[in-house]
J.: 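Below you will find the structure I want to go over with you.
Side chains included, hydrogens not; waters and symmetry mates left out as well; all remaining heavy atoms used. Start at 1 and go down the list; that is how both ligands and their atoms are numbered.
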Amino acid sequence: MPTTVDAYAAPSATEPLVKTTIERRDVGPKDVLIEIKYAGICHSDIHTARGEWGEISYPQVVGHEIAGIVTEVGSEVTKHAVGDRVGVGCMVNSCRECENCLAGEEQYCLKGNTGTYASVDRDGTVTQGGYSTHVVVDEDFVLRIPDALDLATVAPLLCAGITTYSPLRHWNAGPGVRVAVVGLGGLGHMAVKFAHAFGATVTVLSQTLSKKDDGLAMGADDYRATSDDATFRELRNSFDLIINTVSAPLPMRKYLGLLALNGTFVSVGAPPEPMEVPVFALFNQRRSFAGSSIGGIRETQEMLDFSAEHGIAPETELIRAEDVNEAWERVLRSDVRYRFVIDIATL
Ligand code: NAP
Ligand code: ZN
Ligand code: ZN
């Protein structure tokens, strides 16, 4: 018998979120029931709920940065126990058979992974996300939260954390590697922290210098304003890796010009509109333009364990559930320091 739980949902692409109830499925043999304590607000929640990435069905509950406590486990569950502190990120299932799933890259499942929200689940229902009091998830897609991480601030690691950790690892950010992070929001601030922890030299490219002190405190070595054209002249040909976290399209010719020989520009930012890539800017310095999507379950656990070991945590602002619409507006104005987290106890 499904359970009715409280949630905040988007009634349509154009209306504010409203408090409502949704149904959670019965706990199956391999399922874990999680009492959600905290849910991070990702810019993807806004893109999705407002239909910017394509049509979805409504009402839709979003939220894919989930931290909570296990309150029930199915009869065949072996990885988690009642009382465990756990997290759920952007995926709740995948085919588990394709070569990418077998390689631990479930985010690139050849049959398509099942998203935590706005995705069709195995039972044919649409998945509903973490702006809610409870969720039922297959144990294989539930992450362990290490003891050293505070449950109240850990949630953003489940999306913002892994989405930046994964490309930094893939493109070998480390000592001697010059990394630029474009945009100091939810993803950007985690990119700075991880790139610094990996030993890379880190420059933040932000619209203004208003967050410079914060960026330097997070581990950046340099901080430049993209509103100043001198930035693009002075930093020409100077980065091995650029991680772009901006939610809007960028003038790519200018940004590609910042890459050094064999440098790579990786977009994790997901603007709804296409970005024009002038190929001549790629010929010069044999540059690459790439994208990256979240990270696999194994790597997400590795990222959580790494964060615990290195004392890395998101900078968060805890909000009450009723303030979620205002928080969304602030995200859209780039007025976020650096991730909103909903205290689900207020829902
Ligand atoms: P966010 O907190 O809003 O951060 C985005 C930052 O980009 C802003 O803080 C701002 O930084 C900068 N920015 C915003 N609008 C801009 C504009 N018009 N021009 C230049 N810079 C601008 O968002 P987020 O949650 O980090 O997400 C960022 C993007 O990543 C979104 O598109 C999201 O959907 C996407 N995403 C992708 C994945 C993936 O798997 N690839 C996963 C999660 C999220 P400054 O104020 O410093 O300039
Ligand atoms: Zn996200
Ligand atoms: Zn697969």
J.: Which heavy atom of S119 sits nearest to which heavy atom of G115, and what is that distance?
T.: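 That closest heavy-atom pairing would be OG-N, 2.8 Å.
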J.: For the Zn ion (ligand 3), check which protein N, O or S atoms are under 2.8 Å away and list them.
T.: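 Listed by chain and number, the atoms are C95 SG, C98 SG, C101 SG, C109 SG.
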J.: Go through the side-chain N and O atoms of R337 and T316 and say whether any donor and acceptor fall under 3.5 Å apart.
T.: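 Note: R337 and T316 side chains miss the donor-acceptor criterion.
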J.: The criterion is side-chain contact (heavy atoms from CB on, under 4.5 Å); which residues satisfy it with D6, sequence neighbours excluded?
T.: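 In terms of side-chain contact (heavy atoms from CB on, under 4.5 Å), with neighbours along the sequence ignored, D6 is linked to K19, T21, T133, L347.
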J.: Please check: side-chain N/O of R298 versus main-chain N/O of A103, any donor-acceptor pairing under 3.5 Å?
T.: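 Yes; at least one donor-acceptor contact below 3.5 Å.
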J.: May I ask you to decide whether R236 forms a salt bridge with E234, counting only side-chain N to carboxylate O separations under 4.0 Å?
T.: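 Judged by the 4.0 Å cut-off on N to carboxylate O distance, R236 and E234 do not form a salt bridge.
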J.: Any ion pair linking R144 and D84 (charged N to carboxylate O, less than 4.0 Å)?
T.: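 No salt bridge links D84 with R144.
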J.: Can a donor-acceptor pair be found between the side chains of S166 and E299 at a distance below 3.5 Å?
T.: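 Their side chains do contain a donor-acceptor pair, which is all the 3.5 Å distance test asks for.
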J.: Ignoring hydrogens and geometry beyond distance, is a side-chain donor-acceptor pair present between E329 and N325 at under 3.5 Å?
T.: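 There is no such pair (donor and acceptor under 3.5 Å, judged by atom type) between the side chains of E329 and N325.
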J.: Before we go on, tell me: are the rings of F232 and Y255 under 6.0 Å apart, centre to centre?
T.: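 Aromatic pair counts; centres sit under 6.0 Å.
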J.: What protein atoms of element N, O or S are positioned under 2.8 Å from the Zn ion (ligand 2)?
T.: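 Those protein N, O or S atoms (cut-off: under 2.8 Å from the Zn ion (ligand 2)) are C42 SG, H64 NE2, C159 SG.
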J.: Taking the basic N atoms (NZ, or NE/NH1/NH2) and the acidic carboxylate oxygens, is any pair closer than 4.0 Å for K212 and D222?
T.: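 No, this pair does not count.
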J.: Taking the six-membered ring for Trp, is the centroid-to-centroid distance between F306 and F198 below 6.0 Å?
T.: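 Under 6.0 Å, so yes.
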J.: Mind jotting down which protein residues get a heavy-atom contact under 4.0 Å with ligand 1? Chain and number order, please.
T.: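 Heavy-atom contacts below 4.0 Å: C42, H43, S44, H47, W53, C159, T163, G183, L184, G185, G186, L187, S206, Q207, K211, T245, V246, S247, A248, V268, G269, A270, S292, S293, I294, V331, S334, V336, R339.
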J.: For the CZ atom of F194 and the NE2 atom of H189, what is their distance to the nearest 0.5 Å?
T.: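 The CZ atom of F194 sits 9.5 Å away from the NE2 atom of H189.
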J.: Do D343 and R320 meet the salt-bridge criterion of a basic N to acidic O distance under 4.0 Å?
T.: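 D343 and R320: not salt-bridged.
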